[in-house]
Each structure stands twice: as C-alpha cells, then as structure tokens.
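Lettering follows sequence order; numbering is per chain, from 1.
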2 protein chains.
Amino acid sequence: MSSRGVRHDSMRARNLAVVLDAIHRTGPHTRAALAERTGLTKTTVSSLVADLLEAGVVSERGAVRGGERGRPGVAVSLSGQRVATLGLEVNIDYLAACVVDLTRAVRLRRTRPADNRNSDPAEILGLLRALARETIEAAEAGGLRVMGAALAVPGTVEDGVLRSAPHLGWRDVRVADLAGDLPLAIDNEANLAALGELWFGSREADFLYVSGEIGIGAGLVVGGALFRGTYGLAGELGHVVVVPDGPACRCGGRGCLEVYAGQDALLGPLESVTALVERLEAGEPRALEACARAGHALGVALTSAVHLLDPGRIVLGGVFAPLFPWLDAPVKDGLGARLGQMRGAPPPLVVSGIGADAAVLGAAGLVIQRILADPAQALGL
Amino acid sequence: MSSRGVRHDSMRARNLAVVLDAIHRTGPHTRAALAERTGLTKTTVSSLVADLLEAGVVSERGAVRGGERGRPGVAVSLSGQRVATLGLEVNIDYLAACVVDLTRAVRLRRTRPADNRNSDPAEILGLLRALARETIEAAEAGGLRVMGAALAVPGTVEDGVLRSAPHLGWRDVRVADLAGDLPLAIDNEANLAALGELWFGSREADFLYVSGEIGIGAGLVVGGALFRGTYGLAGELGHVVVVPDGPACRCGGRGCLEVYAGQDALLGPLESVTALVERLEAGEPRALEACARAGHALGVALTSAVHLLDPGRIVLGGVFAPLFPWLDAPVKDGLGARLGQMRGAPPPLVVSGIGADAAVLGAAGLVIQRILADPAQALGL
DNA sequence: GGATTATGTACAGATTATGGACTAAAGAAC
DNA sequence: GTTCTTTAGTCCATAATCTGTACATAATCC
C-alpha cells in the first residue's frame, strides 16, 4: 500500500492512467465504452481523453461499430506517433539497442557485435553510450520523442547497480547517464527477457520464461507482473540443485542445472548453437546425447520450479529456442512423471517466439509500461 | 492495476485506508503527524479520523509528546475494543479456532483434538461449525463484533474451494456457511502460517516460512505480502526434487524433500515429535541420523528455493521448530556450501516463535488485514 | 421522413480536499 | 507570573474533480 493519501490531482492522475490502460489493454474504445469499462461517467472520460489527446498518447481513429443502431462512436486508440522509449542490452558478444513506440511497435533496432567477456566496464559503456545516442537521434529524426531508457545486463542488479555479472567480469558497476539525461532503469537480462515475452511474444499473462544464455536464468510473470523476490535475485534457475553432490559449478555449488544444461555443457567442443543444431539435424549421437542430458536436467529443475513458483506455462527462450525440438520431449516427460498428482496437469511447455531480442525489447517495454502506468507524471499532464 | 476509475467516494475510502494503515503500521500518531505522513492536510485527516473514531476502529489515547514545545497532540491508535475476526483451522489431528481483535491481540483460542485422517468432510465441517459458533458467541459476550472468518486447511485451495487435502482424504470440498453468514475465506495452511509468522511472530516483512507438518509446505512473504503463484499453488517445498531418481513419493514423483524430511521419515517407528525430541536429547544415534538426513535434504531443497524465490530469511516452523537445534547446523552448512558466491550471504535461518498456532492466527490476521485495507467497505463508512 | 437509439458535450450540482485564519494548550523567556 | 513562541486541531470559504441531467448529433430502422 502506498502510504500517500489521494488528493484531487492524484485522483485525476489515477483516472488518466485507468483510461489509458483500458485503451491499451483491450484495444480501441469509444468514450462511451471507456465510461462503462472504467465506471466513470461519459463526461469525465471525455475530459480525460481530451488531455490524453493533447499529450499525443492517443488518437481518434474514425467512427466505429457498423451494424448497431445509434450514433457511432469515435474510436480512441493508443498513438505510436509521438512517445517512444529506448531499450539497451549488454551481452557477452554484442551490444543492442531498440526504440519502441507507445503501441509497443518496434521502430528501430541496432546490434553491434562485440567481445565483452572480462571487459572493462568503462570502455564498453562508452560504446553503448555512443550506440544509445545514435539510436535516439535516428528516432527523433523520425518524429519520435524518446522519454526514457532501460538496460538489460547478464547479471544481478540491486538498487539500480549492477552487482555482479560473472561472464562480463564486472562487479558493482554503477551505470548512469547512458542516454544523456534520460532516466535509466537497469535490470537483469532474464527478467527483462521475460517481460519481452510478455509484451512482444506470446502475450500470456502467466509464465516462467527460461532464458538459456551462457548461464541459465528465468523470469516469472504472474498476472502480467514480474516477480522479483526480496532483493531482485529471484529466478536463478541455473543454480537449482539437480544432483545434490554432482560436479562443481562455477557458482561454488554442486550439481546445479547449469552444469548439465548450460551452454558449455550443451556445446562441448562445438563453438556455436548453430553448429550444434546442424549436428542434431544430422543425428549425431554425441549431440543428441548432450541434448537429452540437458533436457533431463531441465525437467528435474523445472519440477522444483513448478512446485515453488506455480507458473502458468513454461516458455523456453534464448539458446533453448532453436534446440526446442530436441528438448521438448525429455523436459515434458520429466515434468509429467515428476509432478504426479500434485496438480491437474503440468504447465504447458512452449517455445519463445521472439528469440534473441527478448531482453532488449523487454527493456524498452518496461519504460513504456511506466509511462502507461502514470501518464500524468511521465508526460506532465 | 484495478481498472476502475477513482470517484469521490473511492477517494475518501482510499484515504480512510491510508490513514488507518499509517496508524496501524507505525504506532499511535497525532493527527498532525498523520497529516505529514500521508501528505494530506490536517483538516482532511481530522475529518477522516472522526469517521474512524465513530466506526470504533481507532481511539484517542490521551496527550503525548512530553519534552517538546507547543500544544501536545492527541494520540490516535488502533482500538481492539470492537472489531474482531475469527480464524479457523482443520488439521490432521485437531480443529482450532481463535478470535483476534483489530490490534492483532489474540482474544480467544480454542482447540479440539480430533482424528481427521481420511474423514468425512461433512462430519468434520459440522464439528468445526459448532466450534465456530461457540467461539463467536464467547467473543460477542466479551463485547467484540466478529466481522469475518478465514479457514486454514492442509491442502491446495483454488477459488475458495478445497481442491485436494491428501492427508485428510478430502477432494473438491466447497466450504461455506461455517460461521453463520460471515464472509469466509479459505486458504492453505502453509500460506496462512506464513502470514501468522508475519503478523504474530517475528514481524519481519520478508521471509520463507517452512511449515513442517505431516507434509512440508512453505509460504513466501515479500514486502509483507504473500506470494501465491498463478493458481495459488506456489510454495510446495515438500515436493522439490532432492534426489532426481530417489525413492517414490506419495505425490507420484521421486526423491522429493518429503521423502527425506517429512514427518514419517523423521519419526520412523516413533509416534510423536515429542518422543523424537526425547530420543534426540538422549543422543540416540538412530534419531540423530534421521535428523541429520532430513537436515541435509532440507539444505538441498532450500538451496533451490533460495535461488528461485530469493527470500529475505528462512523461518522453520511446525514440527521443525522443536527440532531446530538438530536441524540448524546441517541446513545452514548445506545452504552455505551450495549457495556459493551467487549472493552476499545465505539468508539467515531462524526458528519460528509461534509454533503450532501459526496457521489459525494467520487466518484471523488475514481477515484483519482485509478490514485495514478497506475499512470503508468492511465497516460501511 | 420520422422514430429510435446511441454518442459525446454542456452546465449546474455534489463531494471532497485545500489553505489560511483561528482557537487551544503547552513550554520558554523575561 | 506574564508574555512570547510553538505546535495541535478546527472552522470556513475556496478549489478541484467527478456526477447527473439535458441536449445536440448522427447513425439505423421502418
């Protein structure tokens, strides 16, 4: 519970958000339909919509409703013409940026290959800053106004500080001012990829997104909201115990999922996922066996995850997406056999549709969400 | 986001809740302090407090603030004189009821020993209904008004229906009208025990409550709110996989935590936890070994739980509470060794202070919380 | 073309919070 | 002990916002 009282201005701010949310969530609506949906009167909705129109976040899109009697209403829908946000990502082997408008249409996307393993944060952030500036300029040349930015990193984040990104070799990096004087949020890659899946992929409201990168992370979405845990460290699926006293993991533990299904374990001597897929398609036994082993381990870890997190479905993303045909059966079987009678049926297992872009899109989407959640504040209404 | 707009009446309802919450959360306050804390004006707060006084949920408790200058304020604090709620519990070997007032002081507590294993739901619910009626009458004789009730059950609950309580042998039981025409909530025993720990035990806002009963459940509290998952089935710690192809569990899986640390595994041939504690105190090797084995398994399962849920601390409750001296070391060692460098330090491991009453208290507390969260609705203001 | 039906706006009225003035009650200063 | 200062709480006129009725508008139906 926010402990601040509601005053006249916050009542209106809230109602602006409620109306905008209704427009966003269930498509274009007439003012009359918005009134019914929000419980406000037509008069109030008209006044709120007028403000939203002026701010450029919604637009009128001609008359609607053929077939029924009475005066047709004017549909009010989200406008992608003006407001946009910037998503950024640092990963092991690339930097990425994208610009997304208020309708969550992707307007720009840029990727720079890079080798960021054990790199100098200042140097990489310099490159990222240049990429951000360039992307913002391109967006503004197209008439968009970039209102905020978010950055996805492959590591743990607390209070806006990157605590630890083992594969980058970064620790306690304070990121700021990446995008000029835009407000910048920063979050874990798996979390933002989960949000990417929510807003740009399947658009289901409840799922566990399993992010296979060098490490394995996961982001849980319940009712359209990301679950972060107490310190924002929830969802470390890669270090769920699969075999209590199995081989050592780089985390210091033993028998973690990552040991069996991390990229290193999957690839073995191969140098890319593409190469692995080729071998799998050719039916090479070593490759098939690595996948079977990973699938079995994933099934075990996901069983524990389902019992603890109760996800609506399980979405395999990152490198697990191209490997889905070979992982599907062992994971599903493992889940089915282990979950037993505890619940009706195991959560459906599906593959992510947005692949490698999930995190950077989720980052941009996060900022869009904040604007939609409080347009009065974000837009100065 | 609730999709309903804010109207004048909901603005006031919200402000009543905000003021009441401030009084509840940070102790008695003067009107002036409440105004500062909530951001409302003194005038508004006075008016809101007047309504709350009339409803009997707060009372004025004389002047406060010696030492400082100026007119002393009148402290407004929660009143336990009028509003109360009923907590109920069905467990394997007892029925319980309690009445808690608005300040969360326990006013009445009743327990009936019973053997509810594989019982007839109608019969047991009849006994519970009698216990509820009797308890409500006693409370009202004491001048309290019981405003609502909640029931804790050892099983899974969906949409207010008890889906499955394996140890009771109940399936798909619709509970209603247990307490006359009082509104009745129903929830899982581990969830409500976690809330009991939150409100009547340590009062920390972030922890994982581990409930050792016949089975093993857990309830995660983050920021003072219970995490329930998608279908309300989260926290099934007892079926986290400890050994991938270990012994069969009654759930249909293999090597679940319950197999190693459930009450049956702990007790072996003994018939009560008390008996086990006696053996442990006497240093009997078989008992010590059972505890060590359970502690090791708990350490493994909790490692996975910490990675997935990111709890602020871990509270051992239920039968694990009396066994804490023998579980502490193996669990802590297991967590410490396995969590490795992934986080600063493992979450603190502590014992619950409220023992067997956690669930029934949590049930009553849940209803109190609902009244505090929306006093206007609950009290007809 | 007139009846019907629904949309969207106008304007007066209702509800609630605000803000400054005022009263009340205590300690501090002299 | 009288007066000043400070803080608490209330009063009342004002302001912000939403509501509700009335009404102009624009389509379909017959």
Using every non-hydrogen atom in the two residues, find where B:Ala97 and B:Leu88 come nearest and quote the distance to one decimal. CB-CD2, 3.7 Å
What integer distance in Å separates B:Arg14:CZ from D:dT17:C1'? 18 Å
Between protein and nucleotides 17-21 of chain C, what N or O pairs are separated by less than 3.5 Å?
| residue | atom | partner | partner atom | Å |
| --- | --- | --- | --- | --- |
| C:dA17 | OP1 | B:Asn15 | ND2 | 2.9 |
| C:dA17 | OP2 | B:Arg12 | NH1 | 2.6 |
| C:dT18 | OP1 | A:Arg7 | NE | 3.1 |
| C:dT18 | OP2 | B:Thr41 | N | 3.1 |
| C:dT18 | OP2 | B:Thr41 | OG1 | 2.9 |
| C:dT18 | OP2 | B:Thr44 | OG1 | 2.7 |
| C:dG19 | O6 | B:Thr43 | OG1 | 3.0 |

Proximal nucleotide (of C:dA24, D:dT25, C:dT5) relative to the A:Arg71 side chain: D:dT25
If you compare all heavy atoms of A:Met11 against all heavy atoms of A:Val6, which two are closest, and at what distance to 0.1 Å? N-CG1, 3.9 Å
So, using salt bridge (charged side-chain N to carboxylate O under 4.0 Å, His left out) as the criterion, who are the partners of A:Asp51 when residues are at least two apart? A:Arg12
Is the closest basic N to carboxylate O distance between A:Glu60 and A:Arg31 below 4.0 Å? yes
Students often get this wrong, so: under 4.0 angstrom with heavy atoms, is B:Val74 touching a base, only sugar-phosphate, or nothing? sugar-phosphate
May I ask you to decide if A:Gly148's main-chain N or O and A:Thr85's side chain share a donor-acceptor pair within less than 3.5 Å? no
Go nucleotide by nucleotide along DNA chain C from the 5' end; which of B:Gly70 and A:Arg31 gets its closest nucleotide reached first? A:Arg31
Could you state the atom-to-atom distance from CZ of A:Arg69 to C1' of C:dT5 in whole Å? 6 Å
Interatomic distance, B:Leu16 CG vs C:dT16 C1' [rounded to whole Å]: 12 Å
Could you tell me how far apart A:Asp51 (CG) and D:dC18 (C1') are, to the nearest whole angstrom? 14 Å
For the residue pair B:Thr44 and B:Thr41, confirm or rule out a side-chain donor-acceptor distance under 3.5 Å. yes
Euclidean distance, atom CG of residue B:Asp9 to atom P of D:dA16 [Å, nearest integer]: 21 Å
